[in-house]
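Index from 1, following the sequence.
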Amino acid sequence: MQASDRFNINSQLEHLQAKYVGTGHADMSRFEWAVNIQRDSYASYVGHYPMLAYFAIAENESIGRERYNFMQKMLLPCGLPPEREDD
């Protein structure tokens, strides 16, 4: 692998990270990454009706109740953020 190939791969990665929020960046913590993944998943479940209907049937709830539950879970999908240690 040549240096130009590495530069090209890094520039493509930076472009993707700038274009799509969910791909993360170098300074992103593990918690922030997990929150992005969970919120993306919940948004996908709410946005795709067949998936929402599947969850509603599996949990024996109405589709509206499942949509409401997913929207509520999007607020704090992974619980409260961990305390940061500022040095």
Side-chain angles (χ1 to χ4, degrees):
M1 181 180 262
Q2 296 176 346
S4 63
D5 291 338
R6 275 190 236 129
F7 176 74
N8 190 18
I9 291 170
N10 285 336
S11 65
Q12 289 176 357
L13 182 61
E14 288 174 7
H15 174 71
L16 284 175
Q17 289 172 342
K19 188 173 182 182
Y20 302 108
V21 176
T23 56
H25 51 82
D27 297 329
M28 181 177 256
S29 70
R30 183 175 182 176
F31 178 79
E32 291 170 349
W33 180 80
V35 166
N36 278 343
I37 296 298
Q38 288 286 58
R39 285 189 177 148
D40 286 348
S41 296
Y42 290 138
S44 178
Y45 301 156
V46 170
H48 293 91
Y49 186 82
M51 196 68 169
L52 190 62
Y54 173 80
F55 281 114
I57 291 170
E59 295 186 10
N60 197 25
E61 292 282 349
S62 69
I63 292 174
R65 173 59 61 184
E66 279 301 305
R67 180 178 284 122
Y68 175 78
N69 288 340
F70 285 140
M71 296 294 275
Q72 290 298 314
K73 289 179 184 178
M74 286 176 73
L75 295 175
L76 288 174
C78 298
L80 294 174
E83 295 182 13
R84 292 186 174 205
E85 296 180 12
D86 294 330
D87 294 334

Checklist line | OG-CZ distance between Ser44 and Arg39, expressed to the nearest 0.5 angstrom | finding: 15.5 Å
Checklist line | Backbone of Ile37 reached by a side-chain donor or acceptor of Ser41 within 3.5 Å | finding: yes
Item checked: Spacing of Phe70 atom CZ and Gln38 atom CD [to the nearest 0.5 Å] -> 10.5 Å
Notebook entry, point to check: Can you check whether Glu66 reaches Val46 side chain to side chain, under 4.5 Å on heavy atoms?
Noted result: no
Checklist line | Spacing of Cys78 atom SG and Glu32 atom CD [to the nearest 0.5 Å] | finding: 11.5 Å
Checklist line | Euclidean distance, Met74 CE relative to Asn69 CG, rounded to 0.5 Å | finding: 13.0 Å
Next item on the list: Report yes or no: do Tyr49 and Tyr45 belong to one cluster of Ile/Leu/Val/Met/Phe/Trp/Tyr joined by side chain heavy-atom distances under 4.5 Å?
Entry: yes
Item checked: Note, Ile63 side chain near Phe55 side chain (heavy atom, < 4.5 Å) -> no
Next item on the list: Kindly give the heavy-atom pair with the smallest separation between Tyr42 and Pro77, and that separation in Å.
Entry: CE1-CB, 4.1 Å
Notebook entry, point to check: If you round to the nearest 0.5 Å, how far is OH of Tyr54 from CD of Glu59?
Noted result: 10.0 Å
Check: What is the minimum heavy-atom distance between Phe31 and Pro82, and which atoms define it?
Finding: CG-CD, 3.6 Å
Note to self: Nearest 0.5 angstrom please: Arg65 CZ to Gln72 CD, how far?
What the structure shows: 9.5 Å
